[in-house]
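All remarks here apply to the structure that follows.
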Amino acid sequence: MHFAIIAPPVPTQKWKENFERIAPHIHLVIGSETEHPEKVVCAMVWNQQKGALSIFKNLKLIFAMGAGVDHVLSDNTIPEHIPICRVVDQQMAFSMSNYILMAILNYHRSWYEFQDAQSRKHWAQFEFIERPLKIGVLGIGHLGMDAANKIHNIGFPVIGYSNSPKKTIFPSYSGDQFDKFIEQINVLVCTVPYTPKTHGLLNYSLFEKLKEPTYLINVSRGSVQVEKDIIKALNMGLISGAFLDVFEEEPLPKASPLWSHPKVKITPHIASLTYPKESTRQVLNCFDRIEKGLDIPQQVSREKMY
Ligand code: GLV
């Protein structure tokens, strides 16, 4: 039985080691160069080229090597009948929530101002208050929900918004209640999946609806944000700062004004990474369930696109 990894930018050594250890009966093909494409029954993918899977005529499973599946679904050459699954991993949620908390806490406790004071050997006692935050998590799926629960448990006021109603331990909104959500917050954490509906969602007309200067944290996808609108909103004071992990173009071009904007913090799409050990276990589990004709909880809905 052959599984293939079609993920040009991803280092594959750890995946290889895990397959050798956990599933030595599976022959792992890296890339699409194989003499026997017909033997490949599962393709693990990340930013694959459009049409790259068409040589595999007997695929039973496509597994996205991360939480987001927009890159897989953008390939309309993939036959409808092949299930697409994704990583749903507690470790990934742990890591993503920690990133979000780091961004929130740095802002809350004026960390950058204290760093600046230190660089000037200045004793800045009494100069900065703990900012009173009202945090809104936009997108309360697996990752957003984990972050919102932790924010709530620390003691910050937090509300959530999702497409469909969710059972939450904090107030949450859905469907046409978006304006109600956006009007109550001064920190916006974006954890939505990328779909045609969320394309360019973080734009100037949304920022204009904010009632207070708001700190923006985006860990979802770059195409969800309109970078020129973020800069405009920062300069107009609608946004008080931005902590961004994702960008319209990645790597972020050197010419982007975001790099040097004094109110912007940048990380290179690392808010949460895939853990090959757990992900290998999940691919094997998904495949096993397909072989047994069982449903797969982490199967992606092609209609919802997540
Ligand atoms: C990373 O961006 C992921 O979707 O896992």
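In listed order, ligands and their atoms are each counted from 1.
The distance from ligand 1 to the heavy atoms of M92 drops below 4.0 Å at these ligand atoms: 5 (O). Against a heavy-atom cut-off of under 4.0 Å, G66 is close to the following atoms of ligand 1: 5 (O).
Distances shorter than 4.0 angstrom do not occur between any heavy atom of R86 and any atom of ligand 1. In this structure, H269 has a heavy atom closer than 4.0 Å to ligand 1. Ligand 1 lies nowhere less than 4.0 angstrom from a heavy atom belonging to Y194.
Nearest protein neighbour of atom 5 (O) of ligand 1, counting heavy atoms only, is A67 N, 2.6 Å. With hydrogens left out, the protein atom closest to atom 4 (O) of ligand 1 is G68 N, 2.7 Å, a heavy atom.
The cationic group of K232 lies under 6.0 Å from the six-membered ring centre of Y204 and within 45° of the ring axis, placing it in a cation-pi geometry.
Side chain of Q282 to backbone of C85: no donor-acceptor contact under 3.5 angstrom is found. Judged by distance alone, with hydrogens and angles left aside, the side-chain atoms of T191 form a donor-acceptor pair with the main-chain N or O of G139 at under 3.5 Å. Counting only distance, with no hydrogens or angles, the side chain of N186 and the backbone of P213 share no donor-acceptor pair below 3.5 Å.
By the rule that hydrophobic residues join a cluster once side-chain heavy atoms approach within less than 4.5 Å of another member, L138 and V158 end up as members of separate clusters.
Of the charged side-chain nitrogens involved, none lies within less than 4.0 Å of a carboxylate oxygen, so that E212 and R131 do not count as a salt-bridged pair.
Residue W46 has no nitrogen or oxygen atom sitting less than 3.5 Å from a nitrogen or oxygen atom of ligand 1, judged on distance alone.
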